[in-house]
Asker: 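Dumping the structure here so I can ask a few things about it.
First listed ligand is number 1; within each ligand, the first listed atom is number 1.
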Amino acid sequence: MSDYQETLYEGYGQRFRMEKLLHEVRTDHQHLVIFQNPVMGRVMALDGVIQTTEADEFIYHEMLTHVPIFAHGAARRVLIIGGGDGGMLREVAKHHGVEHITMVEIDGTVVEMCKTFLPDHSKGAFEDPRLNLVIDDGMRFVATTEEKFDVIISDSTDPIGPGEILFTENFYQACHRCLNEGGILVTQNGTPFMQLDGVRTTAGRLRGLFADWHFYHAAVPTYIGGAMTFAWGATRPEYRKLPLDTLRARFAGSGIVTRYYNPEIHLGAFALPQYVLQAVNKPSNN
Ligand code: SAM
């Protein structure tokens with residue numbers, strides 16, 4: 001049995017025992033590996049970076065989905081950028097009030113291989129009649145679409161390779177353009193202990209673009225280096241500071257059963273460590 005060594009960081013990383021290599025392919029966009037690990041279950045990596053595992057994906061997908069949708073309160077149209085493994089789609093589809101889901105994933109092979117080897121991620125959500133699956137670059141989509149959305153979730157790889165463009169000023173501006181009044185953008189923004197510059201840069205790009213911007217966080221074990229931050233850009237400042245009772249009522253009314261998300265975690269997630277606050281409040285030079 002060989003090991004899989006993540007190569008996201010020089011000199012620091014995580015190793016997974018590869019009990020069984022389930023699939024490996026060089027797609028048109030990236031190097032895809034899916035393997036079985038005795039602790040984390042099935043694991044998918046792209047270009048040497050762990051993307052998702054069966055064991056801890058619920059934390060990430062619940063927090064990037066339910067925080068913006070319960071905060072919005074009346075989301076009908078949701079856009080997912082990336083998310084090829086289908087976990088985000090599965091969580092969004094649980095919201096019966098959502099009438100239309102567009103998912104723009106650059107790599108069709110990721111979708112096909114995750115349907116086959118990670119079926120519990122999507123759990124049939126790719127067959128949801130509300131879904132419009134677009135295989136394209138998310139940047140091109142948000143720059144050209146005439147459609148508008150209530151919630152946009154950027155579930156991308158890290159800012160290397162095809163994902164890099166999803167962290168640019170143009171991308172955030174285009175997402176802002178695609179939001180309805182009251183709309184919310186949330187994005188995967190890395191682990192600040194290891195990628196603090198990325199958080200600082202995003203803050204500089206959201207500042208002045210959104211009426212309210214901030215970050216929230218959750219610790220996802222296989223996104224190593226501590227808690228992961230999620231960027232928040234909202235057109236209504238009050239959506240980040242809803243009363244706990246409002247969130248409790250929305251959560252209870254949804255009938256959604258979660259394993260990580262709850263209204264108390266929702267509000268608490270926006271409380272950030274001092275070193276992250278200092279970084280995001282110090283304007284970056286770009
Ligand atoms: N949870 C993971 C993380 O936090 O890094 C992300 C998982 S998901 C598999 C990331 C997806 O983003 C991949 O399927 C990848 O193909 C997709 N992606 C990367 N760049 C993209 C782009 N420019 N447009 C659309 N999808 C993109």
Asker: Within ligand 1, which atoms have a heavy atom of Leu46 less than 4.0 Å away?
Answerer: 13 (C)
Asker: Run the numbers for me: atoms of ligand 1, each under 4.0 Å from some heavy atom of Gly82, listed by number.
Answerer: 12 (O), 17 (C), 26 (N)
Asker: Just verifying a value: how many Å separate Met88 CE and Ile81 CD1, rounded to the nearest 0.5 Å?
Answerer: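 One gets 11.5 Å once the value is rounded to the nearest 0.5 Å.
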Asker: Tell me which protein heavy atom sits closest to atom 3 (C) of ligand 1, plus the residue, atom name and distance to 0.1 Å.
Answerer: Ser156 O, 3.6 Å
Asker: If only side-chain N and O atoms count, and only distance matters, is there a donor-acceptor pair under 3.5 Å linking Tyr223 with Asp56?
Answerer: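 Side-chain D/A pair, Asp56 to Tyr223: absent.
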Asker: Would you mind running through ligand 1 and noting each atom that sits below 4.0 Å from a heavy atom of Asp107?
Answerer: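 Every atom of ligand 1 under 4.0 Å from some heavy atom of Asp107: 16 (O).
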Asker: Under 3.5 Å between any N/O of Gly138 and any N/O of ligand 1: does that happen in this structure?
Answerer: yes
Asker: Give a yes-or-no answer on whether the side chains of His31 and Glu24 include a donor-acceptor pair shorter than 3.5 Å.
Answerer: yes
Asker: Quick one: does Asp85 get an N or O within less than 3.5 Å of an N or O on ligand 1?
Answerer: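 Looking only at distances, the answer is no, because the N/O contact criterion of under 3.5 Å is not met.
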Asker: For residues His121 and Thr52, is any side-chain donor paired with an opposing acceptor at under 3.5 Å?
Answerer: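 Side chains of His121 and Thr52: pair found under 3.5 Å.
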Asker: Would you check the N or O atoms of Ile50, main chain and side chain alike, for any that come under 3.5 Å of an N or O of ligand 1?
Answerer: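 There is no such contact.
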Asker: Residue-level breakdown please: for Met44 versus ligand 1, do any non-hydrogen atoms fall below 4.0 Å on the side chain, on the backbone, on both, or on neither?
Answerer: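 Side chain only.
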Asker: At a non-hydrogen distance cut-off of under 4.0 Å, which region of Val110 contacts ligand 1 (side chain, backbone, both, or neither)?
Answerer: side chain
Asker: Report yes or no: is the cationic atom of Arg205 (NZ for Lys, CZ for Arg) under 6.0 Å from the centre of the six-membered ring of Tyr172, at an angle within 45° of the ring normal?
Answerer: no
Asker: State the atoms of ligand 1, each with its element, that fall below the 4.0 Å cut-off from a heavy-atom position in Gln188.
Answerer: 3 (C), 4 (O), 5 (O)
Asker: Among all protein heavy atoms, pick out the one at the shortest distance from atom 10 (C) of ligand 1; state its residue, atom name and that distance to 0.1 Å.
Answerer: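 Going atom by atom, the protein heavy atom closest to atom 10 (C) of ligand 1 ends up being Asp155 O, 3.3 Å.
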Asker: Around atom 7 (C) of ligand 1, find the nearest protein heavy atom and jot down its residue, atom name and distance.
Answerer: Gln51 OE1, 3.3 Å
Asker: As an exercise, identify every atom of ligand 1 less than 4.0 angstrom from a heavy atom of Gly83.
Answerer: 8 (S), 11 (C)
Asker: With a 6.0 Å cut-off on the ring centroids, do His61 and Tyr260 count as close?
Answerer: no
Asker: Backbone, side chain, both or neither: what part of Val104 comes under 4.0 angstrom of ligand 1, heavy atoms only?
Answerer: backbone
Asker: Under 4.0 Å from a heavy atom of Asp137: which atoms of ligand 1 are those, numbered in the order shown and with their elements?
Answerer: 22 (C), 23 (N), 24 (N)
Asker: Quick one: look up the protein heavy atom nearest atom 26 (N) of ligand 1 and list residue, atom name and how far away it is.
Answerer: Ile106 N, 3.2 Å
Asker: With heavy atoms of Met228 as the reference, note each atom of ligand 1 found under 4.0 Å away.
Answerer: 4 (O)
Asker: Which is it for Phe70 and His95 under the ring-ring contact (aromatic ring centres under 6.0 Å, His included) test, yes or no, and what are the steps along the way?
Answerer: CA-CA 9 Å; Phe70 283 130; His95 288 268; 5.0 Å; yes
Asker: Test Asp85 against Gln51 for side chain to side chain donor-acceptor pair (under 3.5 Å), laying out the working first.
Answerer: CA-CA 9 Å; Asp85 53 73; Gln51 296 299 308; over 6 Å; no
Asker: Ignoring hydrogens and geometry, is there a side-chain-to-backbone donor-acceptor pair from Arg207 to Val280 under 3.5 Å?
Answerer: yes
Asker: For the pair Phe230 and Tyr216, name the ring-plane relationship: parallel under 30°, tilted 30 to 60°, perpendicular over 60°.
Answerer: tilted
Asker: Which ligand 1 atoms does Asp136 reach within 4.0 Å, using its non-hydrogen atoms?
Answerer: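 So the atoms of ligand 1 that pass are 24 (N), 25 (C).
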Asker: Should the ring pair His66 and Tyr261 be called parallel, tilted or perpendicular, given that the plane angle runs from 0 to 90° and is split at 30 and 60?
Answerer: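 Perpendicular: the ring planes of His66 and Tyr261 meet at over 60°.
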Asker: Note the single closest protein heavy atom to atom 14 (O) of ligand 1, along with its residue, its atom name and the distance in Å.
Answerer: Glu105 OE1, 2.7 Å
Asker: Where is the nearest protein heavy atom to atom 1 (N) of ligand 1: which residue, which atom, and how far?
Answerer: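 Of every protein heavy atom, Tyr223 OH, 2.6 Å lies nearest to atom 1 (N) of ligand 1.
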